[in-house]
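Numbering starts at 1 and runs along the sequence shown.
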Amino acid sequence: MKKIKISPSILSADFSQLGNEIKRLEDGGADMIHVDVMDGHFVPNLTIGPPVIKALRDYTKLPFDVHLMISPVHKYIKNYAEAGADIITLHPEATENLKETINHVKKLGKKVGVSLNPNTKIDIIKNFLSEINLVLIMSVHPGFGGQKFIPDVLEKVKELKKIKDQQSLNFDIEIDGGINFDNSKLAIKAGANILVSGTTIFKNNNGNIKKNIDILKTS
Ligand code: DX5
Ligand code: ZN
């Protein structure tokens, strides 16, 4: 059983203090930093891009788990790799050639993830599972923090975990969106080993980040 890792989403952080917020997450026991990049086109929201990631890079040694909700994605991958991303996760719908984009990320020396929206089936990535480091299962429709968890996606996590075990593959299963202290247990039981959380980590227990990360870790 893989160790449960926590990847707090800075989408719920104080954007006027992002550097200090990242330090708070590291001090609070985060395993990596989930950076939600949105372009206002692939999703109806606009957040940050490579210059901000570059500016944040030296605030922590933790891996930057960069979730690209942008389209087209292929031509921008290099910008995020050079800005300091460690894991680059993209949506299959955002590229014309998923194999080519996966290889592009790997050639840049970065880990590559593929993200499935709630209505997207595993089928479209089945042939790539041995080539990627991570599958990001969206448990909300991407674009905003603070949304309600969609429990139906747990079946997808279970199906993915079954394939992973049957084929002795090693990719991480990360779940993202509406994760709280109750559904985190269900997500882990279904087979997720990385939990993304923004609202629960930044807002619960009067914003006690360490306490919130500890509770999620011991789900
Ligand atoms: C949504 C993002 C998620 C979101 C998680 O499009 O991909 O990472 O910020 O935030 P919460 O935990 O508040 O749902
Ligand atoms: Zn995300």
Side-chain angles (χ1 to χ4, degrees), residues 1-13 25 30-38 42-45 47 65-69 87 89-94 113-126 128-129 132-167 169 171-205 207-209 211-219:
M1 168 79 174
K2 277 194 170 186
K3 172 178 160 296
I4 301 302
K5 291 185 181 175
I6 306 299
S7 187
S9 162
I10 56 170
L11 187 64
S12 303
L25 292 172
D31 295 287
M32 53 183 89
I33 305 290
H34 189 80
V35 182
D36 283 312
V37 176
M38 300 180 186
F42 185 72
V43 291
N45 196 0
T47 57
D65 167 33
V66 176
H67 178 192
L68 295 180
M69 289 162 274
I87 304 165
T89 297
L90 55 119
H91 284 254
E93 300 90 340
V114 178
S115 181
L116 297 178
N117 282 340
N119 304 335
T120 305
K121 297 226 177 310
I122 293 174
D123 291 356
I124 67 166
I125 61 166
K126 254 189 178 141
F128 302 101
L129 292 174
I132 59 180
N133 303 96
L134 177 141
V135 177
L136 176 59
I137 300 285
M138 293 306 295
S139 35
V140 294
H141 294 285
F144 299 92
Q147 298 181 82
K148 206 165 162 346
F149 181 80
I150 301 170
D152 293 1
V153 307
L154 290 171
E155 286 314 308
K156 204 185 302 183
V157 176
K158 285 177 197 161
E159 188 191 343
L160 196 59
K161 180 73 168 63
K162 206 164 140 219
I163 298 167
K164 176 177 171 178
D165 293 345
Q166 280 169 348
Q167 297 178 19
L169 297 174
F171 58 85
D172 284 317
I173 301 177
E174 185 175 47
I175 190 162
D176 180 9
I179 294 291
N180 60 35
F181 296 149
D182 299 317
N183 58 42
S184 56
K185 298 178 184 62
L186 303 173
I188 291 165
K189 197 156 168 265
N193 67 293
I194 303 177
L195 303 178
V196 174
S197 166
T199 306
T200 296
I201 287 178
F202 278 98
K203 308 281 186 255
N204 281 32
N205 292 305
N208 182 333
I209 285 180
K211 184 169 181 176
N212 294 332
I213 288 178
D214 285 346
I215 296 171
L216 287 175
K217 261 192 181 161
T218 51
S219 294

Is the shortest side-chain heavy-atom distance between [X] and [Y] below 4.5 Å?
X: V114; Y: I125; value: yes
X: I175; Y: V196; value: no
X: V35; Y: H67; value: no
X: P8; Y: H34; value: no
X: L116; Y: E93; value: no
X: I188; Y: I4; value: yes
X: P92; Y: F128; value: no
X: F149; Y: I179; value: yes

[X] side chain to [Y] main-chain N or O, any donor-acceptor pair under 3.5 Å?
X: K161; Y: A190; result: no
X: T47; Y: M38; result: yes
X: S219; Y: S184; result: no
X: S139; Y: D176; result: yes
X: N208; Y: N205; result: no
X: N204; Y: N212; result: no
X: N45; Y: G143; result: yes
X: N180; Y: N183; result: yes

Quiz item: Between K158 and E155, is there a side-chain N and carboxylate O pair less than 4.0 Å apart?
Solution: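 Result for this pair is yes, salt bridge flagged.
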Quiz item: For F42, which residues count as a ring-ring contact (aromatic ring centres under 6.0 Å, His included) partner, sequence neighbours excluded?
Solution: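 Scan of F42 (ring-ring contact (aromatic ring centres under 6.0 Å, His included), adjacent residues dropped) gives H91.
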First locate atom [atom1] of [X], then atom [atom2] of [Y], and finally report the distance between them rounded to the nearest 0.5 Å.
X: I137; Y: I194; atom1: CD1; atom2: CD1; value: 12.0 Å
X: S7; Y: L216; atom1: OG; atom2: CG; value: 11.5 Å
X: I6; Y: I213; atom1: CD1; atom2: CD1; value: 7.0 Å
X: N133; Y: E174; atom1: CG; atom2: CD; value: 11.5 Å
X: L160; Y: K126; atom1: CG; atom2: NZ; value: 9.5 Å
X: T200; Y: D182; atom1: OG1; atom2: CG; value: 9.5 Å

Atom [atom1] of [X]: over 12 foreign heavy atoms under 6.0 Å:
X: K156; atom1: NZ; answer: yes
X: K211; atom1: NZ; answer: no
X: K148; atom1: NZ; answer: no

Quiz item: Any luck finding a side-chain donor-acceptor pair between N117 and H141 under 3.5 Å?
Solution: no
Self-check item: S9 side chain to D36 side chain, donor-acceptor N/O pair below 3.5 angstrom
Solution: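 There is such a pair between these side chains.
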Self-check item: V66: which of V37, T89, I33, L90 passes side-chain contact (heavy atoms from CB on, under 4.5 Å)
Solution: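 Looking at V37, T89, I33, L90, the match for V66 under the side-chain contact (heavy atoms from CB on, under 4.5 Å) is V37.
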For [X] versus [Y], what's the shortest heavy-atom pair and its separation?
X: S12; Y: K203; result: O-NZ, 3.3 Å
X: F144; Y: P44; result: CZ-O, 3.3 Å
X: D31; Y: K5; result: OD2-CA, 3.3 Å

Practice problem: Scan residues 189-199 for pairs that pass side-chain hydrogen bond (donor to acceptor under 3.5 Å, both in side chains), counting only residues two or more places apart or in two chains. | Solution: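 Qualifying pairs: D172-N193.
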Practice problem: List the steps, then state whether side chain to side chain contact (heavy atoms under 4.5 Å, CB included) holds for I122 with V135. | Solution: CA-CA 10 Å; I122 293 174; V135 177; over 6 Å; no
Practice problem: Show the numbers, then the answer: is there a side chain to side chain contact (heavy atoms under 4.5 Å, CB included) between F181 and I215? | Solution: CA-CA 7 Å; F181 296 149; I215 296 171; 3.4 Å; yes
